[in-house]
Number of protein chains: 2
Amino acid sequence: MASMKHKKAEQTRARILSAALPLMLEGGYEKMTMRAIAKQAGLSPGAAYYYFETKEHIIHAFYAQTHEEHRLACREVLDQAKTLQDRLKGVVQAQIRISQPYHAVSKALFKVAADPNHTLSPFSDDSRELRHRAMALFDEVVRGSKTKVSAPLADYLPGLLWMFHMGIVLFWVHDSSPQQEKTWRFIDRTVPLLIQLIRLSKLPFFGSALQAAIALLDDFQFLRLPAADAREPEVENDTTAPPLRGS
Amino acid sequence: MASMKHKKAEQTRARILSAALPLMLEGGYEKMTMRAIAKQAGLSPGAAYYYFETKEHIIHAFYAQTHEEHRLACREVLDQAKTLQDRLKGVVQAQIRISQPYHAVSKALFKVAADPNHTLSPFSDDSRELRHRAMALFDEVVRGSKTKVSAPLADYLPGLLWMFHMGIVLFWVHDSSPQQEKTWRFIDRTVPLLIQLIRLSKLPFFGSALQAAIALLDDFQFLRLPAADAREPEVENDTTAPPLRGS
DNA sequence: AAAGATTTTTGAACATGTTTAAAGTACCGT
DNA sequence: ACGGTACTTTAAACATGTTCAAAAATCTTT
């Protein structure tokens, strides 16, 4: 097990990732074989498995990396934009901008993500930490804006916005228009719609329907953002995987 | 290539499927190895590949089979129920009822389905026929009801209902509550909500928002149901795969 | 029924993800 | 420096999805 007491371990881990990414970019998921990665990193295949439980865990590490990039890019947005609409749009656009270089490859990423079965799905328990970190971003989107949200919705709004965000990414993955321009237009169109919906939800008019809709969400526990003090502490540039097998 | 000029071919195909399903039910997707299937069917592994391009194509055949079952079960519903709500709920419930025996296994099914990359995803070109057949069902749901739907929405409603239906299935796949009771409750709650939303959409109040929302859907071409006369003719109990490799 | 063409089956081979026992290396306390 | 402990690496092996050239079976034509 890679306990990293000896710091060389972390380097090796990073080396494997650095070896894997170009292979992925060149030949896609299939061509990125464990043997090729190992050779490129100057290791035997078995060693790679010492650091990554599975080939797909390498993908997951990429996922975590771009998530960090995204968080960084969001700081800027969240410091500037004041309205809920601008903040939301900014955060979502940042994600797409960050991911652009990897578009050709992201289908493989999403393949892992979309599989409900899989430990590495964003909805799974194993991805909880990453998910919560992403949801915290949307919590900040809401809190930092002047828009007030009524209590029952407020609890779920970060989770809902995260889901919206996942929807955008899903769209983007499928989007084969040049430069993924359709995705940008899609964002421009859906964000205002969503904001409007949130506004409308305040009208007493919607009371009963909203109530019903929110009651539904109780069946989606993973959408709940735990209280800030109960969350895992933020780690500096943590692209580290969970403990490896056997530990 | 399996041209099926000799009718024995179809039998063999069926035999492979019959051999595969129990293996799937017992040990899940992983344990259902091609070698095991072949042995069970009394063939060599290579022969199995003569009939199914890929292991996942076998899964797709299951998918097509339950779809046929579903269509059958829907006839009953669609002959009886008159209101839009009852018809929609009936069709969705039928799907869940049909799929119940396969719940343990459906994650593997959905794994294939959810992968955007994959030829066999319900959103892909290769699945168009199956998808259109499913959407036609929802077209019938709407047409057979007394509810009138305004023109711009009407074009997309079957596709939207199909997506709703896919959402329910997604929920069901994840639902590990006993007997999947959460799914049934989920249906009971979401269907009325959806119906209400359709009703509301008629209010002039919603004009602009609806217009914007519908404009969005132009980017989802796969949601469009082609005109009835342009559709592939219905085939009796067709669980057949598309032409095999090389042809 | 024989020859020819087409469809089906085989069995071995290949590439890849993954496991594992054993060997190698670094660190730590004495 | 030594010995022990924990960490890292290796090479070979395994199971599985898949391919393929050749053989066998079946059908068609003469």
So which protein N/O to nucleotides 12-16 of chain D N/O distances come out below 3.5 Å?
none

Task: Derivation of the salt bridge (Lys or Arg N to Asp or Glu O under 4.0 Å) call for B/Glu68 and B/Arg71 - done: CA-CA 5 Å; B/Glu68 276 310 310; B/Arg71 276 218 306 187; 3.4 Å; yes

- [ ] Mark yes or no for whether A/Lys55, through its side chain, and A/Tyr29, through its backbone, hold a donor-acceptor pair below 3.5 Å.
- [x] yes

In whole Å, I'd like the distance from the [atom1] atom of [X] to the [atom2] atom of [N].
| X | N | atom1 | atom2 | result |
| --- | --- | --- | --- | --- |
| A/Leu43 | D/dA11 | CG | P | 11 Å |
| A/Tyr51 | C/dG17 | OH | C1' | 19 Å |
| A/Arg15 | D/dT8 | CZ | C1' | 12 Å |
| B/Tyr49 | C/dA12 | OH | C1' | 15 Å |
| B/Tyr50 | C/dT6 | OH | P | 13 Å |
| B/Gln11 | C/dT9 | CD | P | 11 Å |
| B/His118 | D/dG17 | NE2 | C1' | 12 Å |
| A/Ile16 | D/dT9 | CD1 | C1' | 11 Å |

Open item on the list: With heavy-atom distances below 4.5 Å as the criterion, would you say the side chains of B/Leu160 and B/Phe138 are in contact?
Closed with: no

Task: Neighbour count >12 (heavy atoms, 6.0 Å) for atom CD, A/Glu69 - done: yes

- [ ] For B/Gln179, look at atom CD and say whether over 12 heavy atoms of other residues, nucleotides or ligands are found less than 6.0 Å away.
- [x] no

TODO: Apply side chain to side chain donor-acceptor pair (under 3.5 Å) to B/Gln100 and list each qualifying residue two or more places apart in sequence or on a separate chain.
DONE: B/Gln180

Task: Set of residues satisfying side chain to side chain donor-acceptor pair (under 3.5 Å) with respect to A/Thr54, sequence neighbours excluded - done: none

Task: Residue-phosphate contact under 4.0 Å: B/Thr54 side-chain N/O, D/dT18 OP1/OP2 - done: yes

TODO: Please tell me which of B/Tyr29 and A/Ala47 maps to the more 5' nucleotide of DNA chain D, matching each residue to the nucleotide holding its nearest heavy atom.
DONE: A/Ala47

Open item on the list: Heavy-atom nearest nucleotide on DNA chain C for B/Ser44 versus A/Met32: which residue maps closer to 5'?
Closed with: B/Ser44

